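As structure tokens, the structure follows; a few thoughts come after it.
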Amino acid sequence: MATGHPNLHSFASSDELAAQLRVYVLRNQTSALARHGTFRLAVSGGSLPTVLAKALLATSNGTPEDTPQFSKWHIFFADERAVPLDHEDSNYRLLNDELVSKIPAELGTPVIHPIDKNHIEDDDPQELADLYQEDLMREFAAKDSVKVPAFDLILLGCGPDGHTCSLFPGHALLREKDAWVAAETNSPKPPPKRITLTLPVVTHAFNIAFVATGAGKKDILKQIFDLEEGSSLPSALVNQGAGDKVTWFTDHPAVDGVSFPRRGSL
Ligand SMILES: O=C(O)[C@H](O)[C@@H](O)[C@H](O)[C@H](O)COP(=O)(O)O
């Protein structure tokens with residue numbers, strides 16, 4: 001059961017947002033390394049990999065708390081399109097182009113867990129979802145004997161319709177209770193075939209952050225935070241399921257008119 005309310009922060013510039021996202025991610029790294037010696041995070045696509053790269057590739061002040069220890073990171077995908085890894089729609093490719101390929105050698109190399117369409121013979125995303133779930137089981141269940149994997153951190157975007165991961169409004173996947181990873185075959189946003197973490201996995205993470213910026217997010221954030229009608233939107237369901245484990249990184253245009261009490265710096 002979720003406790004507390006999500007934290008919503010609104011920053012004056014993309015530089016400020018990136019700086020605070022860095023502090024937040026590295027704080028989660030420190031806690032994760034203390035818990036189990038690795039940092040297991042999941043990321044989504046959209047603008048997130050670019051913002052994350054800006055945050056993490058900035059110059060460190062030299063302290064352990066401000067240094068990404070990438071060799072201890074396991075990076076998973078919160079969702080992925082069922083396309084080859086070198087396809088322009090691939091979230092793996094996006095993350096690699098924006099962040100992973102630019103990590104300086106002295107910071108180490110993260111272990112990436114791709115959702116690789118080349119591993120399946122036909123075009124069935126369910127097969128891909130099953131394979132990814134097996135990957136998660138190897139990573140989480142064997143070590144921790146858990147029913148639901150607990151990512152140290154999940155970093156998400158929020159679409160203008162309130163979707164997050166590849167969980168779309170009104171879709172039956174929002175009611176999935178058992179699977180860790182699910183297939184979407186008819187996404188309202190192209191490409192239609194996708195793989196996504198399910199809501200129970202997202203809300204079970206130690207922490208969850210959304211990055212949502214720009215005036216184009218204003219209406220949906222108003223619905224998610226202010227209006228009863230927003231309560232069944234996928235991003236709102238993450239808020240409800242995870243409570244104060246959720247932190248939103250926004251900018252001023254995105255929250256213009258959103259009446260939510262907890263704003264400001266972290
Ligand atoms: O798979 C997708 O279609 C996108 O990755 C999508 O889910 C994206 O994450 C959100 O729409 C937020 O996108 P922005 O962060 O770019 O606004």
Side-chain angles (χ1 to χ4, degrees), residues 8-11 14 17-18 20-21 24-25 41-56 75-85 87-99 114-117 125 128-129 132 153-171 173-174 181-199 201-202 205 208-225 230 233-239 246-256 258:
L8 178 73
H9 301 289
S10 155
F11 299 100
S14 60
L17 188 154
Q20 292 303 319
L21 183 64
Y24 173 86
V25 171
L41 75 160
V43 300
S44 53
S47 59
L48 184 80
T50 310
V51 179
L52 191 59
K54 182 169 179 169
L56 295 175
I75 305 182
F76 296 82
F77 290 86
D79 70 326
E80 180 58 286
R81 291 85 175 273
V83 296
L85 296 183
H87 192 280
E88 60 177 14
D89 285 337
S90 162
N91 284 343
Y92 170 90
R93 175 177 160 177
L94 180 65
L95 185 75
N96 192 54
D97 288 353
E98 294 295 325
L99 172 65
I115 301 177
D116 189 349
K117 185 176 181 294
L128 207 47
Y132 207 54
L153 178 63
I154 300 186
L155 296 170
L156 300 171
C158 171
D161 58 353
H163 86 262
T164 191
C165 299
S166 285
L167 299 166
F168 289 91
H171 198 287
L173 273 187
L174 294 173
V181 185
E184 163 70 72
T185 52
N186 192 22
S187 158
K189 183 180 173 188
K193 293 184 179 177
R194 292 153 172 260
I195 281 79
T196 184
L197 296 182
T198 57
L199 265 182
V201 173
V202 173
I208 303 114
F210 285 88
V211 177
T213 58
K217 296 287 154 74
K218 187 173 72 171
D219 291 344
I220 200 66
L221 289 189
K222 227 171 149 29
Q223 283 187 51
I224 290 167
F225 283 98
L233 293 169
S235 299
L237 295 176
V238 174
N239 277 353
V246 184
T247 302
W248 285 75
F249 290 80
T250 71
D251 59 6
H252 295 344
V255 291
D256 185 19
V258 177

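This is a predicted model, so every value here is computed, not measured. Just follow the structure's listing: the first ligand is 1, and inside any ligand the first atom is 1.
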Measuring from atom CZ of F77 to atom OG of S166, what distance do you get when rounded to the nearest 0.5 angstrom? 12.5 Å
Tell me the contacting part of D79 for ligand 1: side chain, backbone, both, or neither, using a 4.0 Å heavy-atom threshold, strictly below. side chain
For atom 17 (O) of ligand 1, what is the closest protein heavy atom, and at what distance to 0.1 Å? K217 NZ, 2.4 Å
Where ligand 1 meets C158 - atom numbers and elements under 4.0 angstrom, heavy-atom basis: 12 (C)
Do K54 and S14 have a side chain donor and acceptor closer than 3.5 Å? yes
Those atoms of ligand 1 less than 4.0 Å from some heavy atom in G45: 5 (O), 9 (O)
Can you report which non-hydrogen protein atom sits closest to atom 1 (O) of ligand 1, along with the distance? R194 NH1, 2.8 Å
Mark up the atoms of ligand 1 that fall under 4.0 Å of a heavy atom belonging to K189, in ascending order. 2 (C), 3 (O), 4 (C), 6 (C), 11 (O)
Gap separating the NE2 atom of H163 from the CD1 atom of I220, nearest 0.5 angstrom: 10.5 Å
Please write down residue, atom name and distance for the protein heavy atom closest to atom 2 (C) of ligand 1. R81 NH2, 3.0 Å
Looking at CD1 of I195 and CG of D79, how far apart are the two atoms once the value is rounded to the nearest 0.5 Å? 9.0 Å
Ligand 1 to S166 polar contact by distance, N or O atoms, under 3.5 Å: no
Answer yes or no: is there a side-chain heavy-atom contact under 4.5 Å between L199 and L167? yes
Of R194, K189, H171, K193, the one forming a side chain to side chain donor-acceptor pair (under 3.5 Å) with E184 is H171
Ring geometry between W248 and F210 (parallel below 30°, tilted from 30 to 60°, perpendicular above 60°): parallel
Look at atom 15 (O) of ligand 1 and find which of C165, G46, S47 reaches it with the closest heavy atom. S47
How are the rings of F249 and F11 set relative to one another: parallel (under 30°), tilted (30 to 60°) or perpendicular (over 60°)? parallel
Starting from atom 7 (O) of ligand 1, what is the nearest protein heavy atom, named by residue and atom, and what distance separates them? H163 NE2, 2.7 Å
Do any heavy atoms of S44 fall under 4.0 Å from ligand 1? no
Could you tell me whether N91 and ligand 1 have an N or O pair separated by under 3.5 Å? no
